[in-house]
Structure formats: structure tokens, C-alpha cells
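In this chain, numbering begins with 1 at the start of the sequence shown. Worth saying up front: this structure is predicted, and the values here are computed from it rather than measured.
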Amino acid sequence: MGTIKLSDIGNSNGHYRFYTFEFFLKHQKRLGFKRVDLFGATPHVWIDAYKRSSGQRIRQMIQSYGLMPGVFIPEFSSMRYTLGSEAESRAKTHEYLKRCLEFAGELGTGQMAVAANGFLLDTEEKQRRFRLTEELGYILDLAEPLGIRILLLNHFCDDTNMVRTIEDMDWCMRVMEGRNIGPALDVASAYEAGESIKDWLARFKDSIGYVCLSNTKFDGAKHYWGDGYLNLNDIAAELITGEYSGSVGCFCMLRDYLKTPWTADERTAKMLAWAFEGTDCHGQEHGG
């Protein structure tokens, strides 16, 4: 049976939006993280349909703190750039995705996680599914020559997302069989759908490329560990006993965390070390 250590888990910059990227990196090094998963949004990264930040410069910044770049996650949180974009927005989304992949190539990560959101609800499901396969094909045609694997994230609470459940993901993976694509599991979304990590590993064990350790109060938000309803110790046990060997990352996003994001990270690091290693973040044994 394998193990997962704190140093194997990447932490996201998503909740440091009121601070510089250097400030985020300094705290990740202090807390013992070795890898950072990069959410591609301002103020740390600029990418739109016309220009982008330098992935090479961002990689050098990460490495200067003794850290490694992990999974790159473009920003699909608005209706501006989404896989379901229509008309002129679709062409702009294609340009955006092209620049995201160029950035990921320079960043040196082999994985880019995308969400299948933005599909308009007054369109028939059959048509939405066809459009999804078209958009994924466009991304993969660009990504595969760069050696970047596309990871498709589930997101249960967004009705415009075409991948909300295990069945949705299973359909998509079968349709895209033979391409360099795999599932990415957002833990909070899975539990909000009434599913478990055990269920996901049973269906996709060898192909899941990324597990995002997100917590939930079943309200659609991403709470930090210790402030939600999920049991991190149980989740760690399921990943380890299920022999999961892909990337693991953390992501939380609530406005309350933005003023002092390191306080969320400090608590998260302690809980991760306890759940996966049986120690706190300073290496002290628990229970004896």
C-alpha cells in the first residue's frame, strides 16, 4: 500500500487574491508544501484572448522558493471563457485556451484541469454533449503535441456544467477514449452529488490524474479543512487504501479567507499532516 505525505500535496494560490504571488509562495514554503497548484487568475496570472503572462517567469519564481509547479487550472468561473461559450465568445474562448496551454507548457506542468461549464440550459442535452466533445477535441489537438494531459473536473453545484456526477464523467471518458484526457475529482462536488471517493476510485482508479481536496457544508462553497462537514481523516484513508497514485491538491474559496489566507493554510497543513502522516505540521506525533 502506498502513502501520501504533506510534501506530495499541492496547495492552490486561489485564496491569495489580495496578496502578491511571492507572498503566497513564501507561506507555502514555511508550511512545508513542496508543490503549488496554480489557479490561473489575477493578480498572479494574466491570461485572456489577446495576451498572457510568461509561464517561464512564473516557473522560475516558484522554483526560487524551492517549490515545484503542479496542476494548472485556468479560470472558468465567469461566463466569459467557458467550454460552453456561444457565438463570438466561443472564438475568444478558443484563443484563451490556446494561450492557457502555451502558458502551461512554459510552466513545465504536464497537467491542465478544466471545467465543462457554461453550457446554456435552454439547449437540448444531446446538443450540449456534442458541443462538449467538440470543445474537448479542440483542446486535446493543442495539448497533445505539448505533452500536456487534460483533466476534466466534476462540479456538481453548477447546472451549466456537463460533468457533475460519475455517470457524466464515465460518458465523457468513453466518448474521448484514446485521447490524452482523464478525470479530475473535486471531493466536495462528489459528496454533494451523494458520491464518495471510493465510488470514484472503483470506476476510474487508474485514470484519475488529480484529486482536489475541497471541503463543503453542502452550500456550493469550498471551505477549508476544519470548517466544513467532510472528515479529512476518512478521505485520506480512502485514497491510501484505494492505492490512489495521482496528484493531490487543496483548494478553498470563501471571501472570509481572503484577508488572512495563511490562517486557512496553517490549519489545513496541520490537518493534512495529521490525516495523511499521523503528525502535525511540525512533525510531532499525535496520541502519545
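- The minimum heavy-atom distance between Arg128 and Leu120, with the atom names listed, is CD-O, 3.4 Å.
- Cluster annotation: Tyr65 is connected to Ile62 through the hydrophobic network of ILVMFWY side chains, with a link wherever side-chain heavy atoms come within less than 4.5 Å.
- Here the closest non-hydrogen pair linking Ala190 and Leu185 is CB-CD1, 3.7 Å.
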Atom pairs and distances, donor-acceptor, side-chain atoms in residues 18-26, under 3.5 Å, two or more places apart:
unit_1: Tyr19; atom_1: OH; unit_2: Lys259; atom_2: O; d: 2.3
unit_1: Thr20; atom_1: OG1; unit_2: Phe23; atom_2: N; d: 3.1

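- Distance alone, capped at 3.5 Å, places no donor-acceptor pair between the Gln111 side chain and the Val71 backbone.
- For residues 131-151, the set of pairs meeting the side-chain hydrogen bond (donor to acceptor under 3.5 Å, both in side chains) definition, not counting sequence neighbours, comprises Glu86-Arg131, Arg90-Glu134, Arg90-Glu135, His94-Glu135, Asp141-Arg179, Glu144-Arg179.
- The two residues Ala184 and Leu151 make their nearest non-hydrogen contact at CB-CB, 3.8 Å.
- Residues meeting the salt bridge (Lys or Arg N to Asp or Glu O under 4.0 Å) test with Arg267, sequence neighbours left out: none.
- Partners of Phe204 under the ring pair (Phe, Tyr, Trp, His ring centres under 6.0 Å) rule, at least two apart in sequence or in another chain, are Trp200.
- Between Tyr229 and Phe218, the ring-plane angle classifies as tilted under the 30° and 60° cut-offs.
- Taking the side-chain contact (heavy atoms from CB on, under 4.5 Å) definition, one finds that Asp186 meets it with Leu153, Asn154, Ala188, Ser189, Cys212, Ser214, Lys222, sequence neighbours left out.
- The same ILVMFWY cluster, assembled from side-chain heavy atoms under 4.5 Å apart, contains both Leu258 and Val45.
- Gln127 pairs by the side-chain contact (heavy atoms from CB on, under 4.5 Å) definition with Thr123, not counting sequence neighbours.
- The side-chain contact (heavy atoms from CB on, under 4.5 Å) test applied to Asp199 returns Ile166, Glu195, Ser196, not counting sequence neighbours.
- For Tyr81 against Thr93, the heavy-atom pair with the smallest separation is CA-OG1, 3.5 Å.
- Remark: side-chain polar atoms of Asp8 are not paired, donor with acceptor, to backbone N or O of Ile4 under 3.5 angstrom.
- Listed by chain and residue number, Phe72 satisfy the ring pair (Phe, Tyr, Trp, His ring centres under 6.0 Å) test with Phe103 (two or more places apart in sequence, or in another chain).
- One finds a salt bridge joining Glu243 and Lys205 here, because a Lys/Arg side-chain nitrogen approaches an Asp/Glu carboxylate oxygen to under 4.0 Å.
- In the displayed structure, Glu124 atom CD is contacted under 6.0 Å by at most 12 heavy atoms of other residues, nucleotides or ligands.
- Not counting sequence neighbours, the partners of Asp219 by the side-chain contact (heavy atoms from CB on, under 4.5 Å) test are Thr216, Lys217, Ala221, His223.
- Within 6.0 Å of CZ in Arg174 there are more than 12 heavy atoms belonging to other residues, nucleotides or ligands.
- Within the structure, ring-ring contact (aromatic ring centres under 6.0 Å, His included) contacts touching residues 176-198 (residues at least two apart or in different chains) do not occur.
- Between Cys172 and Leu136, the shortest heavy-atom distance links the atoms SG-CD1, 3.4 Å.
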For this session: Begin from the C-alpha positions of Asp48 and Lys92 and carry the test salt bridge (Lys or Arg N to Asp or Glu O under 4.0 Å) through to its verdict.
Result: CA-CA 8 Å; Asp48 64 13; Lys92 293 294 187 292; over 6 Å; no
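- Applying the ring-ring contact (aromatic ring centres under 6.0 Å, His included) test to pairs two or more places apart or on separate chains, none has a residue in residues 149-176.
- Members clustered with Leu254: Tyr224, Tyr257, by chain and number, using a 4.5 Å side-chain heavy-atom cutoff among hydrophobic residues.
- Closest approach of Gly137 to Met176, counting heavy atoms only: N-CE, 4.0 Å.
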Exercise. When you look at Leu272 and Leu213, which way does the side chain to side chain contact (heavy atoms under 4.5 Å, CB included) test go after all the steps?
Worked result: CA-CA 10 Å; Leu272 289 171; Leu213 296 174; 3.8 Å; yes
